[in-house]
Amino acid sequence: MKAIIVFILFISSVHAMSKCNQAIYLNLDPHCGILPDCNLDGPNPSYLKRVSCERKENGKPGFIELIPGKCLHGKPRCSLK
């Protein structure tokens, strides 16, 4: 019984740590996350939306725009978090 309570408390604390809990779908639909100083290639828009949310939680700007296809070269790769 104690193990179940500890498990529930652990799951609750993990969930409370991040508000970025959007589902990441497994479909392959490459998109590019755009910021003024960097870009990030992602396998699909849901992945980039999650990365954008996590960046905001860490005090960094989220992506300004998501465009279909791979990012153009010329800007550095954005950090994930």
Side-chain angles (χ1 to χ4, degrees):
M1 183 66 175
K2 287 182 185 180
I4 293 172
I5 292 172
V6 169
F7 178 73
I8 290 172
L9 290 174
F10 174 75
I11 295 298
S12 298
S13 67
V14 169
H15 180 68
M17 289 171 55
S18 176
K19 296 185 190 253
C20 302
N21 57 3
Q22 298 100 334
I24 295 179
Y25 301 104
L26 300 177
N27 63 321
L28 187 57
D29 180 18
H31 273 65
C32 176
I34 307 267
L35 280 172
D37 57 344
C38 63
N39 295 330
L40 181 66
D41 282 313
N44 57 47
S46 65
Y47 171 80
L48 289 172
K49 287 177 185 175
R50 177 97 173 244
V51 170
S52 186
C53 180
E54 289 174 355
R55 285 178 55 87
K56 288 178 188 176
E57 276 193 344
N58 290 322
K60 295 182 179 178
F63 296 118
I64 296 170
E65 185 179 7
L66 301 180
I67 59 170
K70 294 201 172 234
C71 297
L72 298 176
H73 298 289
K75 288 186 185 177
R77 183 177 185 262
C78 297
S79 64
L80 294 177
K81 295 184 182 183

Checking one residue: [X]. Which other hydrophobic residues are in its cluster under the side-chain 4.5 Å linking rule?
{"X": "Ile34", "value": "Ile67"}
{"X": "Leu28", "value": "none"}
{"X": "Leu35", "value": "Ile24, Leu40, Tyr47, Leu48, Val51, Phe63, Ile64, Leu66, Leu80"}

| said: Could you work out, with salt bridge (charged side-chain N to carboxylate O under 4.0 Å, His left out) as the rule, every residue matching Arg50, not counting sequence neighbours? | reply: Glu54

| Pairs meeting criterion salt bridge (charged side-chain N to carboxylate O under 4.0 Å, His left out) with involvement of residues 25-44, two or more places apart | none

Which atom names give the shortest non-hydrogen contact between [X] and [Y], and what distance separates them?
{"X": "Ser52", "Y": "Gly62", "result": "OG-CA, 3.2 Å"}
{"X": "Ala23", "Y": "Ser46", "result": "O-CB, 3.6 Å"}
{"X": "Cys71", "Y": "Gly33", "result": "SG-N, 4.3 Å"}
{"X": "Gln22", "Y": "Lys49", "result": "NE2-O, 4.3 Å"}

| Do Cys32 and Lys70 touch side chain to side chain, with heavy atoms closer than 4.5 Å? | no

| query | Who pairs with Lys60 by side-chain hydrogen bond (donor to acceptor under 3.5 Å, both in side chains), at least two apart in sequence or on another chain? | reply | Ser79

| request: For Asn39 and Lys75, indicate whether the former's side chain and the latter's backbone hold a donor-acceptor pair under 3.5 Å. | output: no

